[in-house]
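The next block holds one structure in the form of structure tokens; read it before the comments.
In what follows, every chain begins at residue 1, and chains take the letters A, B, ... in the order their sequences are listed.
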Number of protein chains: 2
Amino acid sequence: MENKQKPLSKNQKIILEYIQKNKKPVKAYSILSNVQKKGINAPPQVYRALDKLIEIGKIHKVESQNSFVACKTSDCETPHATAFSICDSCDEVSEINDPKLFKYLLDYKDNSGIKFDGYNLEFFGTCKSCETS
Amino acid sequence: MENKQKPLSKNQKIILEYIQKNKKPVKAYSILSNVQKKGINAPPQVYRALDKLIEIGKIHKVESQNSFVACKTSDCETPHATAFSICDSCDEVSEINDPKLFKYLLDYKDNSGIKFDGYNLEFFGTCKSCETS
DNA sequence: ATAATTATGTTATAATATAACGCTATACTC
DNA sequence: GAGTATAGCGTTATATTATAACATAATTAT
């Protein structure tokens, strides 16, 4: 029952590596300017790779920031059920990987009784280091 | 212990009314083109009003769509703790107003023990009417 | 009445994202 | 392995979303 993964294409690899190098989420055009030396010249090349990487769960999009961050769980099985905490003052983002929260939300039924395939949750607050300064 | 509400300004009123008329979320530039006859000419006028309306909780932003929707609870007390369900196939959005979910999330503590001031949660799935077609 | 704050109107531009086209590489299937 | 289907590439142009900056006017607070 191995997890069959197609190999990434050249551009996908370049862009994933760049995102993984950064702890903080990065913006599409910042990715672009940082990988131009590797032969990636134009926005569509970046956005195509981003779309694919999101689809397969290697990265996630932080919607409230239009930024992109690598998935922390090595073999992301729930690419479309993500939770982040975001610091209002320094914009630090960290992925929340909590099975209980995850289960609670994927089991959640709205009042019409439907369950959901995925979710994106972004928590806002003040991070530890900003709080003490 | 009344809820002291400052009256809205002219542009804020115009834009809020337009958003409230629409059941579906609306986009900023679509708002603009629909309120031009009322004397609103340029994007900053729209975005300024949107920012304010969000701040006071009259509307919410649907981050994954860059769209804006009126708050359903007449006197929104939690402008920054919002949950929506979004249909993947027709893009319909509805606000989820569930005190239990609300409490669960506002009480949620991440592994560093911090609580959050607010959150934005967007659930994805297939709505009833899309499912049966 | 004055000062402080909030909102307005405007022009210009920044930042984010996609359409469309022709071509190339990879994988699939017979 | 030839043929075909699928996914990816490179490129140009353009669409969409959002803000900077500045001068003025209205509102609110002291």
- Item | B:N22 side-chain N/O to B:V26 backbone N/O, donor-acceptor pair under 3.5 Å |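 No, B:N22 side chain to B:V26 backbone: no donor-acceptor pair under 3.5 Å.
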- Short side-chain to backbone donor-acceptor contact, A:Q12 and A:S9, under 3.5 Å: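 Indeed, once roles are kept as given, a pair shorter than 3.5 Å links the two residues.
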Just by distance, with hydrogens left out, do [X] and [Y] show a side-chain donor and acceptor under 3.5 Å apart?
X      : Y      : result
B:N120 : B:T82  : yes
A:S64  : A:E122 : yes
A:S94  : A:S85  : yes

Just how far, in rounded Å, is [atom2] of [N] from [atom1] of [X]?
X     : N      : atom1 : atom2 : answer
B:Y47 : C:dA15 : OH    : P     : 15 Å
B:I15 : C:dA7  : CD1   : C1'   : 12 Å
A:Q12 : D:dA7  : CD    : C1'   : 9 Å
A:N66 : D:dT16 : CG    : C1'   : 12 Å
A:L32 : C:dA17 : CG    : P     : 13 Å
A:I31 : C:dA15 : CD1   : P     : 16 Å
A:D51 : C:dT18 : CG    : P     : 6 Å
B:Q65 : C:dA17 : CD    : C1'   : 15 Å

What nitrogen or oxygen pairs link the protein and nucleotides 24-28 of chain D at under 3.5 Å?
none

For [N], does either OP1 or OP2 sit under 4.0 Å from a side-chain N or O belonging to [X]?
X     : N      : answer
B:K61 : D:dA18 : yes
A:K38 : D:dC9  : no
A:K27 : C:dT16 : yes

- Message: Can you identify which nucleotide, out of D:dC9, C:dA7, C:dG9, has its nearest atom closest to the A:N11 side chain?
- Response: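 Per side-chain heavy atoms of A:N11, the pick is D:dC9.
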Look for any protein N or O under 3.5 Å of an N or O in nucleotides 10-14 of chain C and output each such pair with its distance, or none.
{"unit_1": "C:dT10", "atom_1": "OP2", "unit_2": "B:N41", "atom_2": "ND2", "d": "2.3"}

- Honestly curious: do B:F102 and B:F84 fall in one hydrophobic cluster under the side-chain, below-4.5 Å linking rule?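 Unlinked, B:F102 and B:F84 end up in two clusters.
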- Search all heavy atoms of B:D117 against all heavy atoms of A:G125 and return the closest pair with its distance.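 Result for this residue pair: OD2-CA, 3.6 Å.
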- Query: Under 4.5 Å between any side-chain heavy atoms of A:L53 and A:L8, yes or no?
  - Reply: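 Answer yes - side chains close enough.
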- Item | Salt-bridge contact A:E131-A:K128 (side-chain N to carboxylate O under 4.0 Å) |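 Salt bridge flag = no for A:K128 with A:E131.
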